[in-house]
Amino acid sequence: MNPLQEIRSRFAPVLGQLVDDVTPLLEMIKPAQNPDFGDYQANCAMPLKAQLNKPPRDIANEIAAQVQLDDFCEPLEVAGPGFINIRLKREWITSQLTSAAADERLGVAAVSDPKTYVIDYSSPNVAKPMHVGHIRSTVIGDALCRTLRFLGHRVISDNHIGDWGTQFGMIIYGYKHFCDQAAYQQSPVPELSRLYRLVNQLADYHANKARLPEAEQQLQQQQQWLSEKQSAPTPADKAQQKKLKKELKKLQSQVTATTQEVASMKDKIASVESNPKLHQAAEAHPHIATAVLEETANLHAGTEDNRKLWDEFLPACRDEMQRVFQRLDVKFDYEHGESFYHGQLADVISNLKSKELSQVSDGAVCVFLEGYDAPMIVQKKDGAYLYATTDLATIDYRMEHWNPDVILYVVDHRQSEHFEKLFAVAKLLGHDHVDMRHISFGTVLGPDGKPFKTRAGDAAGLESLLDEAVAKAYDVVANNDDSKPKGAELSEEERRTVANVVGHGAIKYSDLSHNRTSDYKFVAEQMVQLEGNTAAYMQYSYARTRSIFRKGGIEIDDFAPTAPLMLESQLDQRLALQLLKLEEAISDVVVEYRPNQLTDYLFALAQVFNKFFHDCPVLQAESESLKASRLVLCLLTGRAIRLGLDLLGIDVVERM
Ligand code: ARG
C-alpha cells in the first residue's frame with residue numbers, strides 16, 4: 001500500500017474541478033514535517049488564491065469537505081493560512097501492517113501496468129583500465145534492475161561491453177612489438193594492461209612532441225597580447241574600463257591554461273626521455289598512432305592474425321571483469337559487446353542514407369542535428385565506424401528482439417551530448433515509441449577532490465578497493481564485537497564473513513546513497529562506519545531486529561506475526577508509519593531512477609527503529625500483548641531493511 005499515492009488519487013478529482021493540470025498541486029501533498037500536525041499535509045490551497053480570488057483557508061475548507069478519505073483517514077483538518085492536515089486512522093495502519101506481515105512482499109503491490117525495460121549498464125571497455133565510474137554504473141544499474149523487477153516490470157539487463165575499439169588496436173600492436181612472453185604466459189591480463197599503457201604512453205609522447213612547438217608559440221602570443229593590453233592606457237570611459245578589465249581577465253585565464261598545458265606536455269615528454277629504454281622504444285616507433293589505427297582497421301576488416309589475437313585476448317579480459325562482477329554479485333541477462341553489432345554497421349549507414357538523414361562532409365558520413373554545432377559522425381573518411389554507429393545498431397537490435405517500452409543507459413555525465421544526439425537520430429529513424437533515457441551520474445572524487453584514481457588504475461585496482469573496504473570493515477566489526485558488554489560474540493570466521501558483507505555493502509551503499517547526478521568523495525573509512533547513513537548502520541540495525549528474538553529465546557522462523565498491533569506510544573506509532581511508507585520509497589526509486597530515494601527511506605527507518613529500540617522496552621514491555629506487538633514491529637523493520645538492501649544489491653547478516 002502506498003498511502004501518499006492513494007491520498008493524491010483522492011485529491012485529484014476534486015482539484016481537477018479547479019484547474020486543468022493537477023500534477024503540480026498533487027505534488028504539494030507531502031509527508032508532514034511535524035508529526036504533531038498529522039502524517040501528511042496538503043499545501044495546495046495556497047497557490048489557488050489568485051486564481052479563485054478567495055482566502056486560501058476558505059479554499060482549503062472547500063477542498064477538505066469534498067475529498068473522500070474517510071475509509072482510511074481521520075477527518076481532515078484545516079490549519080494556519082490554509083494547510084490541510086491528514087492523519088491516517090490508527091486502526092487502518094494496524095490492519096495494513098498486519099496484512100504486510102503476512103505477505104511475502106511486505107504489502108508492496110506490483111504495478112498494474114508492467115513495462116519492458118532494457119537497462120544498459122556497467123559496460124566497461126575490456127583491455128582498458130576499468131575505472132570507478134564503471135563501478136558506479138554497475139551499482140546504480142543493478143539497483144534499478146532489481147527494483148524494477150520487484151515492482152513487476154520485465155527487465156532485460158545488457159552489459160554493452162567495449163570489446164571492439166581502438167584499445168584492441170593498441171594491445172595488438174603492443175603484443176606484436178613489446179610483449180614479454182613469459183609474463184604473458186603466466187598471466188595475460190596484467191601483461192596486456194602493461195602493453196596498453198605502454199602503447200598509450202608512446203603514442204602520447206609523439207603527439208605531445210608534435211604539438212609542443214605550436215603550444216609554446218600560442219603561449220608566447222597570448223603572453224604578448226596580455227602584456228600589450230596591460231600596458232595600454234586606461235580608458236576614461238567607465239564602460240570601456242569595464243570591458244578592458246573583462247578582456248584582461250579572459251587573456252589571463254587563457255595564459256594560465258596554456259601554461260599548464262605546456263607544462264603537462266613537457267612532463268609527459270620528460271617521463272619518456274628520462275628513461276633510456278622507453279626513449280629508445282619511442283624513437284623506434286615514430287608512427288605508432290597511425291599503426292594502431294591500422295591494426296584496429298585490420299581487426300575490423302577481419303584479417304586472420306588480428307582476429308586470432310582478439311579471440312585469444314578477449315576471454316582473458318572478460319574473465320578479469322567477471323571476477324569483479326562476481327564479487328559485486330551482479331549478473332547480466334546479456335553481454336552483447338560492441339563486437340556483436342559489427343556485421344550490422346553497414347546497414348545502419350545505408351538506412352540513414354536511404355532515409356536521406358545523413359550527409360557527407362569532409363568525406364565523413366554525418367547526421368546534422370538542429371541545436372548542435374558538431375554533427376553526429378557515423379562513418380569516418382577512412383570507412384571506419386564509430387561508437388555512435390554501434391549504438392544505433394544496438395537500438396535496432398533491441399527494438400527488434402525485445403521491443404522495450406524504455407531503454408535506460410546508465411553512463412557517466414560526460415557522455416550526455418552523445419546520448420542526446422543518439423536519441424534524436426534514433427527517433428528520426430523511426431524509434432519514436434520507446435522512451436530512451438540517459439541515466440547520468442557524477443564523478444567519483446578522491447579525498448583531494450580530484451577525480452578518483454586507483455593506484456594501479458585498472459581492474460586490479462578496483463579489486464584492491466574492494467579489498468580495502470573489506471579490511472576496514474573488519475576492523476570496525478572486530479572493535480564493535482570486542483566492546484560488547486558481555487564480551488565478544490563472534491568467531492574469527494564469523495567476523496570475516498561479516499566484514500565481507502559489510503565491506504562490499506559499504507562501497508555500493510555509499511554510491512547509491514548519493515544523489516546520482518552529484519559528484520561524491522570516495523572515503524573508505526567513512527563508508528564502513530556503524531553510525532550515519534551507511535550500509536553498516538543499516539546492517540547493524542537489521543542484526544539488532546534479529547538479536548531481540550535470540551535474546552528472548554524466540555525461534556524467529558516459527559514466530560507468527562499475528563499479534564494485534566498496539567500503537568499507543570508515539571514511538572510505536574512513528575515506527576509503524578515509517579514501515580507503512582516502504583512502497584512509497586520503492587516506487588519513488590523508479591520515478592527519476594534515483595536509488596537514493598530508498599537509502600533515504602532506510603536511513604530514516606533505521607533511525608526511528610534505533611530510537612524505538614532504545615526507549616521502548618520490547619522483551620520487558622509492560623504487558624504480554626505490548627511485547628507481542630513490539631516484536632511484530634521489530635520483525636517488520638528487519639524485513640523492510642532486508643528487502644530494501646536486497647533491492648540495492650546489498651546483503652545482511654544475522655549478527656554483527
Ligand atoms: N563503454 C563505454 C565507456 O566505458 C560505455 C558504454 C555505454 N553504453 C552505450 N550503449 N553506449 O565509456
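- Listed by chain and residue number, Met170, Tyr196 satisfy the side chain to side chain contact (heavy atoms under 4.5 Å, CB included) test with Asn200 (two or more places apart in sequence, or in another chain).
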Item to complete: Might you work through the salt bridge (Lys or Arg N to Asp or Glu O under 4.0 Å) test for Lys250 and Glu247, ending with a clear yes or no?
Response: CA-CA 5 Å; Lys250 193 170 157 204; Glu247 283 172 351; over 6 Å; no
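- Under the salt bridge (Lys or Arg N to Asp or Glu O under 4.0 Å) test applied with Asp646, the options Arg639, Arg146, Arg149 reduce to a single match, Arg146.
- Two residues are said to be in side-chain contact when any heavy atoms from C-beta on lie closer than 4.5 Å; Leu465 and Ile135 fail this criterion.
- Under the 4.5 Å side-chain criterion, counting only non-hydrogen atoms from C-beta, Glu335 is in contact with Gln322.
- Residue Ile407 holds its CD1 atom at 12.5 Å from OH of Tyr117, rounded to the nearest 0.5 Å.
- Judged by distance alone, the side chain of Asn159 and the main-chain N or O of Phe332 form no donor-acceptor pair under 3.5 Å.
- With respect to Glu592 and Arg516, no salt bridge is recorded, no charged nitrogen being found less than 4.0 Å from a carboxylate O.
- For the atom pair CD (Glu261) and CD (Glu216), the distance works out to 11.0 Å, reported to the nearest 0.5 Å.
- Ring orientation note: the planes of His438 and Phe419 are tilted relative to one another, at an angle of 30° to 60°.
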Worksheet item: For Asn515 and Tyr520, what are the C-alpha separation, side-chain angles and deciding distance, and is it a side chain to side chain donor-acceptor pair (under 3.5 Å)?
Response: CA-CA 9 Å; Asn515 191 338; Tyr520 83 92; over 6 Å; no
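- The closest donor-acceptor contact from the side chain of Tyr509 to the backbone of Val528 lies at 3.5 Å or more, if one exists at all.
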Donor-acceptor pairs under 3.5 angstrom involving side-chain atoms of residues 581-589: please list them, not counting sequence neighbours.
{"from": "Glu583", "atom 1": "OE1", "to": "Met1", "atom 2": "N", "distance (Å)": "2.7"}
{"from": "Glu583", "atom 1": "OE1", "to": "Ala109", "atom 2": "N", "distance (Å)": "3.0"}
{"from": "Glu584", "atom 1": "OE1", "to": "Tyr40", "atom 2": "OH", "distance (Å)": "3.1"}
{"from": "Ser587", "atom 1": "OG", "to": "Glu583", "atom 2": "O", "distance (Å)": "2.8"}

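- Using a 30° and 60° split on the angle between ring planes, Phe340 and His336 fall in the parallel class, below 30°.
- Using a 4.0 Å cut-off between a side-chain N of Lys or Arg and a carboxylate O of Asp or Glu, Asp319 and Arg323 do not qualify as a salt bridge.
- No more than 12 heavy atoms of other residues, nucleotides or ligands sit less than 6.0 Å from atom CD of Gln186.
- Tyr409 and Phe423 have tilted rings, their planes meeting at an angle from 30° to 60° on a 0 to 90° scale.
- Side-chain contact of Gln415 with Tyr387: a donor-acceptor pair under 3.5 Å is present, judged by distance alone.
- Every residue was checked against the salt bridge (Lys or Arg N to Asp or Glu O under 4.0 Å) condition with Arg574, not counting sequence neighbours, and none meets it.
- Each of Trp310, Phe168, Tyr184 was scored for a ring pair (Phe, Tyr, Trp, His ring centres under 6.0 Å) with Tyr175, with one residue passing: Tyr184.
- Every residue two or more places apart in sequence or in another chain that forms a salt bridge (Lys or Arg N to Asp or Glu O under 4.0 Å) with Asp435 is listed here: Arg437.
- Between the side chain of Asp405 and the main chain of Thr116, a donor-acceptor pair closer than 3.5 Å is present.
- Panel note: side chain Thr389, backbone Val378; a donor-acceptor pair is recorded below 3.5 Å.
- For the pair Arg495 and Tyr474, the minimum side-chain heavy-atom distance is below 4.5 Å.
- In this structure, Leu645 CG and Thr599 OG1 are separated by 10.0 Å, a value rounded to the nearest 0.5 Å.
- For residues 517-526, every residue pair satisfying the salt bridge (Lys or Arg N to Asp or Glu O under 4.0 Å) rule, not counting sequence neighbours, is listed here: Lys472-Glu525.
- Under a 4.0 Å N-O distance rule, the pair Arg594/Asp600 does not qualify as a salt bridge.
- One N or O on the side chain of Ser193 and one on the backbone of Val189 form a donor-acceptor pair closer than 3.5 Å.
- Here Glu214 pairs with Arg211 in a salt bridge; the nearest charged N to carboxylate O distance falls below 4.0 Å.
- Arg398 has its side chain out of reach of Tyr334: every pair of non-hydrogen atoms, C-beta onward, lies at least 4.5 Å apart.
- Annotation: salt bridge (Lys or Arg N to Asp or Glu O under 4.0 Å) contacts involving residues 647-656, sequence neighbours excluded, comprise Arg546-Glu654.
- Residues Glu273 and Lys209 are in side-chain contact: their nearest non-hydrogen atoms beyond the backbone lie under 4.5 Å apart.
- More than 12 heavy atoms of other residues, nucleotides or ligands sit less than 6.0 Å from atom NZ of Lys427.
- Side chains of Thr258 and Gln222: a donor on one and an acceptor on the other come within 3.5 Å.
- Of the N and O atoms on the side chains of Ser541 and Asn610, at least one donor lies less than 3.5 Å from an acceptor on the other residue.
- Of the charged side-chain nitrogens involved, none lies within less than 4.0 Å of a carboxylate oxygen, so that Lys508 and Asp329 do not count as a salt-bridged pair.
- Judged purely by distance below 3.5 Å, without hydrogens or angles, the side chains of Asp391 and His418 pair a donor atom with an acceptor atom.
- The closest donor-acceptor contact from the side chain of Ser123 to the backbone of Tyr121 lies under 3.5 Å.
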